[in-house]
Amino acid sequence: MTEAKKYRAFTLNNFRKIPEVRNLLSKEERHEIEVVGNVLPFKVNNYVVEKLIDWENIPEDPIYQLTFPQRGMLSDAHFKEMENALQQNLSNNALKLIADNIRYQLNPHPDGQQQNIPFLDGIRLTGIQHKYRETVLFFPRNGQTCHAYCSFCFRWPQFVSIDELKFAMRETELLVRYLKKHPEVTDVLFTGGDPMVMSTENFAAYVEPLIQAGIANLQTIRIGTKALSYWPYRFLTDKDADDMLRLFEAIVKKGYNLAFMAHFNHPRELHTPAVQKAIQRILCTGSKIRTQSPVMKHINDSADDWRSLWMEQISLGCIPYYMFIARDTGAQGYFAVELERAWDIFRQAYQSVSGIARTVRGPSMSTDPGKVQILGVNEIMGEKVFALRFIQGRDPGWVGKPFFAKYNPYAVWIDDLMPAFDRTKFFFEEEEELERNHILLN
Ligand SMILES: *Cc1c(COP(=O)(O)O)cnc(C)c1O
Ligand code: SF4
């Protein structure tokens, strides 16, 4: 049996207590962590430090890059601004203002996420996002933090932790009413943060009313989580781990498809006995585990990494699902992989695995109009182009239709792309414009 582990978090306040930080990092490196960590998210824990990071290989180690702030994640100007602020012994509030001002310049809410908040009987449902017809995202208030933070994460503006059951009940009641009014919705995706930071009692307060409500259209309950990577003991030895697994089983028994959307960035995260055992226990409840990750420089920008990720996931019983392009937020400059290179990595890895692993789709950008897949680079009528298509669209009618952008070897995001063949707009931009005019005329 896996030994029981007591969770211990390390943040800016106490990271110097990590023995490896004291012994292996220079004074300068510790200083850089402190400066960058005052702007970008920083939290690790004893599992990440002891079992995942290879301290013989820092700073290049991918898990170290994934979790520890690095100098290059901020521009020189922002770095100096925060460094100066820290030297001035300012109050916490004053420091926070300076940090927030820098964060504000790092596009903290990419792709108009805030526009997708629905209304119900005049109430703004701030814990819900409904962008794609079939799937509603649900942000339980108690699940807006994580067991450790990823240095690239775009969810960082919302990391706060509260722990109150009454929120859960109120929020779920609204969700149930919303789902009953929207028969087109088949999926609810619990997301955050990481909903698996919640106690079983808290999570049950959300999910039980949902499965008891008899919502005929609801088929799939998804849980977006990185707990398998950052704290597999959540499913093994935490004191309410067994209760959590019984709850999963109950959801499945009730006839729902329970789908984990597990976030794995590097094959190393699949190698510990703890994660392997946790995956096995979750699968034994009748749940499914699908996997996803962005492709990022310093962490996983090689076809070998992706091939290993997919092959090892398959042998553990998981289903590869999405490869994403790093979003245009936070430290994107540090992690960005050119679209063409991302496609190359995807294609080489995809070619080298059996059809069982080719359930994966990507590389895909989660943009305002939808999830845009890079199908590849090719030449059409003498013009070099990117072929693209929507995997998900704000308008479901856009999905699956190929469209073309001018080739640009430096492009890292859709904003860097222009329509090919002398068109001035992409087809969906034309449709959106027609729609707007139509609304104006009526
Ligand atoms: C990705 C995503 C979903 C889920 O899409 P699937 O392709 O069904 O996994 C839902 N809502 C938003 C906003 C998303 O970005
Ligand atoms: S676990 Fe998910 S939500 Fe949490 S920091 Fe990482 S990417 Fe962001």
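In this text, all values refer to a predicted model and were calculated from it rather than measured experimentally. All residue numbers refer to positions in the sequence shown, counting from 1.
Residues Arg16 and Glu34 are paired through a salt bridge, judged by an N-O separation under 4.0 Å between the basic side chain and the carboxylate. Contact check on Glu50 versus Lys5 returns a salt bridge, with a Lys/Arg side-chain nitrogen under 4.0 Å from an Asp/Glu carboxylate oxygen. Remark: Arg141 does not engage Glu171 in a salt bridge, criterion side-chain N to carboxylate O under 4.0 Å. A salt bridge between Arg341 and Asp344 is absent, with no side-chain N of the basic residue lying under 4.0 Å from a carboxylate O of the acidic one. Between Arg222 and Asp187, at least one side-chain nitrogen of the basic residue sits less than 4.0 Å from a carboxylate oxygen of the acidic one, meeting the salt-bridge criterion. Salt-bridge formation is detected for the pair Arg234/Asp240: a Lys NZ or Arg NE/NH1/NH2 atom is positioned less than 4.0 Å from an Asp or Glu carboxylate oxygen. A salt bridge links Arg246 with Asp243; the closest basic N to acidic carboxylate O contact falls under 4.0 Å. Taking a cutoff of 4.0 Å between a charged side-chain nitrogen and a carboxylate oxygen, Asp301 and Lys297 do not qualify as a salt bridge.
For the residue pair His298 and Gln70, no side-chain donor N or O sits within less than 3.5 Å of a side-chain acceptor on the partner. Between the side chains of Thr291 and Gln313, a donor-acceptor pair is found at a separation under 3.5 Å.
Taking the ring-ring contact (aromatic ring centres under 6.0 Å, His included) definition, one finds that Phe190 meets it with Phe138, Phe203, sequence neighbours left out.
Under the 4.5 Å side-chain criterion, counting only non-hydrogen atoms from C-beta, Val372 is not in contact with Ser364. In this structure, Tyr64 and Trp55 have side chains that are in contact, with non-hydrogen atoms separated by less than 4.5 Å. At least one side-chain heavy atom of Leu228 sits less than 4.5 Å from a side-chain heavy atom of Phe264.
For the pair Lys17 and Phe10, the NZ or CZ position fails the cation-pi test of under 6.0 Å to the six-membered ring centre and within 45 degrees of the ring normal. Under the 6.0 Å distance and 45° angle rule, Lys226 counts as a cation-pi partner of Tyr230. Judged by the 6.0 Å and 45° rule, Arg290 forms no cation-pi pair with Phe260.
Annotation for Asn92: atom CG does not count as buried by contact number, only 12 or fewer foreign heavy atoms lying within 6.0 Å. The environment of Gln351 atom CD is dense: over 12 non-hydrogen atoms of other residues, nucleotides or ligands sit within 6.0 angstrom.
In this structure, the ring of His147 has its center no less than 6.0 angstrom from the ring center of Tyr47. A distance of 6.0 Å or more separates the ring centres of Phe403 and Trp398. For an aromatic pair to be called close, the ring centres must be under 6.0 Å apart, and Phe386 with Tyr407 satisfies this. Under the 6.0 Å cut-off for aromatic ring centres, Tyr7 and Trp231 qualify, their centroids lying closer than that.
A distance of 8.5 Å separates OG of Ser287 from CG of Asn257, quoted to the nearest 0.5 Å. For the atom pair CZ (Arg133) and CD (Glu184), the distance works out to 8.0 Å, reported to the nearest 0.5 Å. Atom NZ of residue Lys371 and atom CE of residue Met365 lie 12.5 Å apart, to the nearest 0.5 angstrom.
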>> For a side-chain contact (heavy atoms from CB on, under 4.5 Å) check, start with the C-alpha distance between Val176 and Leu210, then their side-chain angles and the critical distance, and finish with the verdict.
In response: CA-CA 6 Å; Val176 166; Leu210 190 61; 4.1 Å; yes

>> Applying ring pair (Phe, Tyr, Trp, His ring centres under 6.0 Å) to Phe42 and Phe68, what does each step give before you reach the verdict?
In response: CA-CA 7 Å; Phe42 176 38; Phe68 276 75; 5.2 Å; yes

